[in-house]
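Sequential numbering from 1 along the given sequence is applied to the chain's residues.
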Amino acid sequence: MKKRIAGFGLAAILALSAALVGCSSQSGAPAQPSGNKETAQPAGQNGEKVLTIASGSDIVTFDIHDHNNTSTEAVHVNMFDYLVRKDAQQKVQPDLATEWETVNDTTWRFKLREGVKFHNGDEFTAEDVKFTLERVATDNKLLEYGNYKQIKEVKVIDPHTVEIITHAPEPVLLNRLSRLGSGILPSKYIKEKGWDEFLKNPVGTGPYKLEKWVRDDRLTLVKNDEYFGEKPKWDKVVFRSIPEDATRVAELLTGGVDIAVNIPPSDLQRVKDNDGTDTKQGPTQRVMQLTLRLTPGTVTENPKVREAIDLAIDKQAIVDNILAGGGVPTRTRVTPGNFGTNLDLYNKTLYDPEKAKQLLAEAGYPNGLELTLNATSGRYLKDKETAELIQAMLAEVGINAKLELLEWSKFNEKYKAKKFDEVFMIAYGNSMFDASLAFDRLTTERSKGESDYSNPELDKLLADAEKNMNMEEREKQYKQAQEIIAEERPHIYLYQMNANYGVSDRINFEPRLDEMLFVDEITLK
């Protein structure tokens, strides 16, 4: 165990040792492969090219507007197309729109690609763009509403031309249209068949279409021979949900899958040394954080309690001991690579357990307090072990955290229902690559029922920055917003995450900063 943990008491050391040894034995021991032969086909068998990808969790829905889940979008990008799309270098490229221009401060005109068909044969037109974007921009019950409410109207000029009109100047509209929530939906199909039918049999314009989805097991896509772009490279793509690290690694090592996400640090060398597999690693825009309730009557309503929680957590120890160095401590969610990052808050930790105890006493809890910490198990790299280590660190300062670990689908149900107790742990990415997305859950409106955080100064700052076309001023506004959040701690940011992939030697694969899995960027060697 590393020196940074040496100050912990005996009980905490035992707890941490159990967590670390347990995670090592879980992920390091051989496990029986659970896949069937259909999903483990090598290229050429039965004349099909099959790609199989193992994730730690399943998609949450086919409603592209009602989730905030990057791993779900990573599947969706192969089924649905955007108006514009970011390439691997995060540069905006044409997709369903071939060209665009700004008409005035609040109006953008897009020329749409002709001859495109949805998977069911319906023609793609401007009506589909209007239906899609106005749905998410007007329904405040949808999880993506906050990222699209800036759109006032989508005006159909002709079947292949639209104007997107915003309530105010919109400096990052192209970023919005190239991310989660902007996949174009088939308006005619949905109006005729109904939303429930669409969720059972989703239809997009992408290079792959749904063949079968067995929830919490596997999702199978097949190539779309009518795709408007380059011919799809794979006949079939299988996304398997394997929450257990050991099983996911075993499936990779035995050839059951071609790519496995979230390879535990303790297994990286094993995957490298195995004949037929290798590892790929890279940074992401994802930040692990704690969301705290400020609801009146909760212990975390007290700012000194929130600060004590922050100071009790040794973020560097988590990065060093759980992630094997695969992360960077941070006090902001706006990491380098995003517009508006505040570098004064990046690669920083305030670990000070003695001050944390003092703050608890000042808050009226000299003998400690109790709270509930909810976290995922299997959704993120070493999430269970991270939560257990945080639990032990909190115990060292007198905070008895009841840890409730949930498999992703159950966690997501509570997340959408906003039924968590004082603290929950989650990791968010930033598909917009702009500071604005990092604050989408921190306005008074959006935090209701979740953190119940409200700061009128922050609300105004964010509202002004969102429509500010002066990039220099806008950057300063977002830096100031990060200082406020770091001080008030409705969210406590822990670390920026790296991504660890295990990859079969038969394919070429390079991780993307946005964590998307565009399967046609993955090729056979």
### Message
I'd like to know whether N470 forms a side chain to side chain donor-acceptor pair (under 3.5 Å) with N468, so could you lay out the CA-CA distance, the side-chain angles of the two residues, the decisive distance to 0.1 Å, and finally the verdict.
### Response
CA-CA 5 Å; N470 182 318; N468 194 344; 5.4 Å; no

### Task
Step by step, work out the salt bridge (Lys or Arg N to Asp or Glu O under 4.0 Å) result for R85 and D81.
CA-CA 8 Å; R85 187 185 295 274; D81 292 307; 2.9 Å; yes

### Task
In sequence, state the C-alpha distance, the side-chain angles, and the governing distance for L437 and V172, and then conclude on side chain to side chain contact (heavy atoms under 4.5 Å, CB included).
CA-CA 11 Å; L437 188 65; V172 290; over 6 Å; no

### Message
Set out, in order, the CA-CA distance, both residues' side-chain angles and the distance that settles side chain to side chain contact (heavy atoms under 4.5 Å, CB included) for T166 and E153, then state yes or no.
### Response
CA-CA 7 Å; T166 56; E153 177 189 3; over 6 Å; no

### Query
Given the rule in the side chain to side chain contact (heavy atoms under 4.5 Å, CB included) test, do I53 and D258 qualify, once you have shown the distances and angles that lead to the verdict?
CA-CA 6 Å; I53 300 172; D258 298 300; 5.9 Å; no

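For the 3.5 Å distance criterion, the side chains of N274 and T277 qualify, holding a donor opposite an acceptor. Side-chain contact annotation: N498 with Q281, donor-acceptor N/O pair under 3.5 Å absent. A donor-acceptor contact closer than 3.5 angstrom is absent between the side chains of D216 and W408.
The environment of NZ in K149 is crowded: more than 12 heavy-atom neighbours from other residues, nucleotides or ligands sit within 6.0 Å. Remark: K152 NZ is loosely packed, at most 12 non-hydrogen atoms of other residues, nucleotides or ligands lying under 6.0 Å away. Heavy atoms of other residues, nucleotides or ligands lying less than 6.0 angstrom from NZ of K231 number 12 at most. Within 6.0 Å of atom NZ in K410, 12 or fewer heavy atoms from other residues, nucleotides or ligands are found, so the atom counts as exposed in its surroundings. Environment of CD in E226: sparse, with no more than 12 heavy atoms of neighbouring residues, nucleotides or ligands closer than 6.0 Å.
The aromatic rings of F339 and Y478 lie perpendicular to each other, with more than 60° between the two planes, well past the 30° mark. Using cut-offs of 30° and 60° on the angle between ring planes, the pair Y415 and Y428 is tilted. Relative orientation of the F411 and F424 rings is perpendicular, given thresholds of 30° and 60° on the angle between their planes. The aromatic rings of Y493 and H491 lie perpendicular to each other, with more than 60° between the two planes, well past the 30° mark.
Electrostatic pairing of E510 and K280 counts as a salt bridge here, judged by a charged N lying under 4.0 Å from a carboxylate O. Between E73 and R179 no salt bridge is recorded (no basic side-chain N to carboxylate O distance below 4.0 Å). The pair E450-K418 does not count as a salt bridge, with every side-chain nitrogen at least 4.0 angstrom from each carboxylate oxygen. The existence of a salt bridge linking R270 and D273 is excluded, since no basic side-chain nitrogen approaches an acidic carboxylate oxygen closer than 4.0 Å. Salt-bridge check for E192 with K188: passed, with a basic side-chain N closer than 4.0 Å to an acidic carboxylate O.
The backbone N or O of D63 sits nowhere less than 3.5 Å from a side-chain atom of D66 that would complete a donor-acceptor pair. Between the side chain of R176 and the backbone N or O of Y148, no donor-acceptor pair lies under 3.5 Å. Of the possible polar contacts, none joining the T330 side chain to the Y495 backbone as a donor-acceptor pair under 3.5 Å is found.
Applying the side chain to side chain donor-acceptor pair (under 3.5 Å) test between E466 and each of Q477, R474, Q150, H167 identifies Q150 as the sole match.
Ring-centre distance between Y227 and Y208: not below the 6.0 Å cut-off. For Y501 and F509, the ring centers are positioned less than 6.0 Å apart.
Side-chain contact between I522 and N508: absent, with no pair of heavy atoms (C-beta onward) separated by less than 4.5 Å. Between Y380 and T386 there is no side-chain heavy-atom pair separated by less than 4.5 Å.
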